[in-house]
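Data block below; observations after.
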Amino acid sequence: MNVQSKTVTGKALWVTEKSPDLDNLLIDVIEPAIPQHGPGQVLVEIRAAGVNPSDVKASLGHMPHAVWPRVPGRDFAGVVVDGPAHLIGKEIWGGGGELGITQNGSHAKYMALPQAAVREKPVNFTMEEAGSIGVPFITAFEGLREAGGVQPWDNVLVCGANGKVGQAAIQLATMAGATVFGVEYKPMEFLGHSAQPIEMFDSSSQDVADLVREKTGGRGADIVFNTVGSPYFEMANKALAKQGRQVFISTFDRAVDFDIFTFFRGRHKFIGIDTLALDSVYGAKIFDVLKPKFEAGVLKPFPINPETVYGFDDAAKAYASVLRATPERVILKP
């Protein structure tokens, strides 16, 4: 729900209509009233918030269920400033599919949040690091969970390995002990953290499916985490092992050629992940699993480049850079 408000203070981004394109993003900076948290909610002062492709796509009108006008933003780190006494002052982190889509989100000085979604951030994280984790790790975790989990004997291929979801999936898969390969559309080293070395492939000049089978003794990939969709669809299907699972989180083209015979003879599974359907309370439960790994240093936060930490006045530039494939994690600070 959208909460009522009072007392004008603090800035927020405000989206009222579909933007025509990345060069003309219609994102206003306003000074709204502080959200009045309702029953079962707290008031959070946002200290840092990641910018995700879904935030930008919603502003471009690609998310028809997004409610306008609204404050965008799905990920956050901040401090509880109002609510039950035992929660006030807690430094928290999170992310949710309802935030910034069907209710006001985190690209603001203040945000109302369900009490059930309140989770203290890792003690070894800065606010910027904590605010960067949400959507990428929630998506990667949920995709791998829906695929049956990663086992040490699995072979995993991550398409779009250097995207933030791809980097998160590689961290989780290598943490589990799997053999992991990455693919990008051009020659590229892996830019993220991994618990063990991974081999990168170049889809523009290499037959990735053949290479995966060669490197796995003919078996193929038990899990393909396809963060891009249609451009890798055919290759990924050819790379799948018997009983292999392909995870989808996005696509360019909706319609693709599909070999039904190979699909059922291979006993393959396709898994679709839509994190807009996972609210901040669900995301908090995923963070409960991941937090000890982050605090122990087994999982790592995304490196924060000061050059891609933006104030609200540069929000349009920050948003555009995300869909223009910056390799850095983009962060907004009120």
Side-chain angles (χ1 to χ4, degrees), residues 1-3 12-15 18 27 35 37-38 40-42 44 46 48-78 92-108 111-119 121 130-147 160 163-166 168-169 172 225-229 247-251 271-291 302 319 322-323 329-332:
M1 67 176 180
N2 280 314
V3 297
L13 303 188
W14 191 241
V15 178
K18 173 183 175 180
I27 304 173
H37 57 284
Q41 294 182 316
V42 297
V44 180
I46 302 296
V51 181
N52 297 291
S54 56
D55 300 322
V56 189
K57 291 176 182 178
S59 298
L60 292 168
H62 298 169
M63 307 265 183
H65 52 297
V67 175
W68 288 342
R70 70 180 181 281
V71 176
R74 297 175 62 191
D75 296 343
F76 65 89
I92 66 172
W93 65 334
E98 84 280 27
L99 303 178
I101 302 294
T102 59
Q103 69 179 61
N104 288 335
S106 61
H107 294 172
M111 179 183 72
L113 183 74
Q115 292 179 27
V118 171
R119 294 295 190 279
K121 74 174 183 64
S132 77
I133 297 298
V135 167
F137 273 90
I138 289 172
T139 306
F141 180 95
E142 185 70 3
L144 294 173
R145 186 192 69 79
E146 287 279 359
K164 296 310 170 194
V165 175
L172 293 172
F225 203 119
N226 187 346
T227 72
V228 182
V247 179
F248 304 97
I249 66 167
S250 182
T251 194
I271 299 162
I273 300 298
D274 177 14
T275 56
L276 294 180
L278 309 180
D279 66 14
S280 54
V281 176
Y282 192 98
K285 295 175 182 177
I286 292 176
F287 277 27
D288 287 340
V289 178
L290 298 181
K291 181 183 175 183
F302 298 112
Y319 271 47
V322 171
L323 283 196
R329 187 64 163 123
V330 176
I331 302 292
L332 286 174

Under 3.5 Å donor-acceptor pairs involving side-chain atoms of residues 59-66, not counting sequence neighbours:
unit_1 : atom_1 : unit_2 : atom_2 : d
S59    : OG     : D55    : O      : 3.2

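Residues passing the ring pair (Phe, Tyr, Trp, His ring centres under 6.0 Å) test with F141, sequence neighbours excluded: none. Every residue meeting the side chain to side chain donor-acceptor pair (under 3.5 Å) condition with E98, not counting sequence neighbours, appears here in chain and number order: S280.
In this structure, the separation between CG on D288 and CZ on R119 is 4.0 Å, given to the nearest 0.5 Å. Separating the CG atom in N104 from the CG atom in L113 is a distance of 13.0 Å, to the nearest 0.5 Å. Note that the CD1 atom of I286 and the CZ atom of R145 stand 7.5 Å from one another [nearest 0.5 Å]. A distance of 8.0 Å separates CG of L278 from OG1 of T139, quoted to the nearest 0.5 Å.
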CA sep, side-chain torsions, deciding dist, call: K57, N52, side chain to side chain contact (heavy atoms under 4.5 Å, CB included): CA-CA 9 Å; K57 291 176 182 178; N52 297 291; over 6 Å; no
Candidate pair F225 and V165, rule side chain to side chain contact (heavy atoms under 4.5 Å, CB included), full reasoning: CA-CA 9 Å; F225 203 119; V165 175; 3.9 Å; yes
CA sep, side-chain torsions, deciding dist, call: W14, V71, side chain to side chain contact (heavy atoms under 4.5 Å, CB included): CA-CA 5 Å; W14 191 241; V71 176; 3.7 Å; yes
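Looking at V44 and V118, their side chains never come closer than 4.5 Å, going by heavy atoms from C-beta outward. V247 places none of its side-chain heavy atoms less than 4.5 Å from the side chain of L144. Contact annotation: the side chain of T227 never approaches that of S250 to less than 4.5 Å [non-hydrogen atoms, C-beta and beyond].
Nearest approach of A130 to A77, heavy atoms of both residues: CB-CB, 3.7 Å. For the residue pair I273 and E142, the shortest heavy atom distance occurs at CD1-O, 4.0 Å. A pairwise comparison of heavy atoms in S106 and F76 identifies CB-CB, 3.7 Å as the closest pair. Contact record, G283 with I138: CA-CD1, 3.9 Å, taken as the closest heavy-atom pair. The nearest pair of heavy atoms linking F287 to G94 is CE2-CA, 3.5 Å. W93 and K291 make their closest contact through CZ2-CB, 3.9 Å (heavy atoms, listed as atom of the first residue, atom of the second, distance).
Electrostatic pairing of D75 and R329 counts as a salt bridge here, judged by a charged N lying under 4.0 Å from a carboxylate O.
Ring geometry for H107 against Y319 counts as perpendicular: the plane angle is over 60°, on a 0 to 90° scale with 30° as the lower cut.
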